[in-house]
Amino acid sequence: MEKATTLRLVLGDQLNERHSWFSKVDNSVVYTLMETRSETDYVRHHVQKVVGFFGAMRLFAEYLRSKGHRVHYLTLDAPDNRQTLADNCRMLAEHYAVARFEYQEPDEYRVDQALRALSAEWPVETRCVSSEHFLSERDELRRLFSGKRTYLMERFYRAMREKWGVLMEADGRTPLTGRWNYDAENRKRLPAGVRAPAAPSFERDVSDLTALLQRVGGVRTIGHIRPARFDWPLTRVESLQLLEHFVRERLPFFGDYQDAMAQADDVLFHSRLSFSLNLKMISPLEVIQRAVAAWQERPQHIPFPALEGFVRQILGWREYVRGVYWAEMPRYRTLNFFEHTAPLPQWYWTGQTQMNCLRHAVGQSLERAYAHHIQRLMVTGNFALLLGVHPDEVDAWYLGIYQDALEWVELPNTRGMSQFADGGIVGTKPYVSSANYLQRMSDYCASCPYDPKQRYGPRACPFNALYWDFYDRHAERLRGNPRIGMAYQLWDRMEGRERQRILEHAQRIKEHVSDY
Ligand code: FAD
Ligand code: SF4
């Protein structure tokens, strides 16, 4: 065995070919990537997620070797695999007799803590470097909102636009077109017959990885996979192809139909880039720059509100939730503002519910490990909040089921935006709705056994009674919120008998939710 001076750890979500580490080949450095049980088992993941991570890591290791770098890759079944990051690092440091250990800033609190603990107790010199991916520092949001109780996303987003000069006039302070935000324009229902263009296919055979999971045994996963036709981008080249397809074919309609939902199309005009971004195969800056360049090339094809809406997701929301995560962890994952305690209905794991919107959103999540933002927020998240599910259970579901799920981005979206368990750090009001919103934004209700107009009775849509029940039971906490006043005015004006029937029906749903 040839000795090395430095061991560098590359985590599964740090597959950044353009990191400065790789700019020159140095034979005294060994890079390590490792598949471990600590990562497969900290939550029950979708099987496509485990396979997607391992597949992308293996291809990244091949890429590094092809460029001349020394790589030590530990497969899940390697006899010397100690199955945790820290134990493997110790074992490899000894094996290569290194004097130095280096790692990139991890994005997950859990991993950050583990590597800090390792560094603190270790005799070898350790160094943590930037992952060179994000557009804001970990503590940038905390500094911007120093002394404030809530963090306004719009303020953060504007600061980021100014910082990076994205969609700004030459003076650096005025937004292009004079307007910062076109959100109000981006809420159209999908007209009948409109379809998104076919996305590029990355189908490959991943039977070796599904066989590996079976062979080692004990890795509990959810969802389905077709091993011979696995269709997520696993390399930078494929991720760039997906980006190119998006900016050419989907971005023009992204704004209009961002909030729409349709039975015939699970993705609509969304990009499906989150997995590539979260594994750092591509960078947020290059995604934004490519979208802006596509608009400059064909301004007549890409409406500015579509471009702004897309830029806001990446330069705004994605950086913002990361800032919230680092400002609020570890207490954030314990917050439960409404003191909700109900279990997650069993059909979240099977899709076996009669409610058409939920059957679709859960079913496609199990099938594809993907649902777009409004499905996550206004279908599965909305129902869990109305039902009063404990946020721990909601988090575990979201952290497991989606291909792009990593705690730094999942947690503020789920516990904050979707469940309002942070009491309003992320959102100014809970995202709840009755069937009215779902009927307006989707075609789910047309083929549902439940009637979106009825509030109680055997055919009444369960969202309706639960919606009023939610406001009624949380009146003390929510009545004073100026953004919710309207709902309470309507509730107060409703006749007493009507309110009683609604609440009785809600109670029935809560007691027998597995039958719905
Ligand atoms: P597009 O609609 O095409 O958006 C483009 C990109 O913008 C995304 O790829 C993503 O990187 C970014 N983005 C958009 N919205 C958000 C947001 N709210 N927060 C952070 N980034 C955003 N996103 C994750 O990446 N991982 C998660 O674990 C995750 N969990 C979520 C849980 C809930 C309850 C909710 C409501 C949202 C969650 N999101 C999560 C945010 C968002 O739903 C996904 O990023 C998006 O659906 C991914 O699909 P896409 O790439 O087609 O996105
Ligand atoms: Fe969902 Fe209710 Fe519409 Fe059925 S009627 S699809 S349950 S919102």
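Just follow the structure's listing: the first ligand is 1, and inside any ligand the first atom is 1.
The option with the heavy atom closest to atom 46 (C) of ligand 1, from among Met417, Gln258, His270, Arg376, is Arg376. With atom 52 (O) of ligand 1 as the reference point, the heavy atom nearest to it among Arg318, Arg322, Arg415, Arg272 is part of Arg272. Residue Met355 holds the heavy atom nearest to atom 7 (S) of ligand 2 of all those in Met378, Met355, Gln439.
Residue-ligand proximity, Ser418 to ligand 1, at heavy-atom distances under 4.0 Å covers atoms 34 (C). Which parts of ligand 2 touch Cys448 is read off a 4.0 Å heavy-atom cut-off, strictly below it: atoms 4 (Fe), 5 (S), 6 (S), 7 (S). Atoms of ligand 2 lying under 4.0 Å from at least one heavy atom of Cys445, given by number and element, are 3 (Fe), 5 (S), 6 (S), 8 (S). Within ligand 2, counting atoms from 1 as listed, the ones closer than 4.0 Å to a heavy atom of Leu438 are 8 (S).
Protein heavy atom nearest atom 6 (C) of ligand 1, with residue, atom name and distance: Ile314 CG1, 3.7 Å.
Surrounding CZ of Arg220 are at most 12 heavy atoms belonging to other residues, nucleotides or ligands under 6.0 Å away.
The main-chain N or O of Tyr516 is found under 3.5 Å from a side-chain atom of Thr353 such that the two form a donor-acceptor pair.
Coordination check, Cys357 versus atom 2 (Fe) of ligand 2: failed, since every N/O/S atom of the residue sits at 2.8 Å or beyond.
Between Glu407 and Arg110 no salt bridge is recorded (no basic side-chain N to carboxylate O distance below 4.0 Å).
Residues Val379 and Leu358 meet the side-chain proximity criterion, which asks for heavy atoms closer than 4.5 Å.
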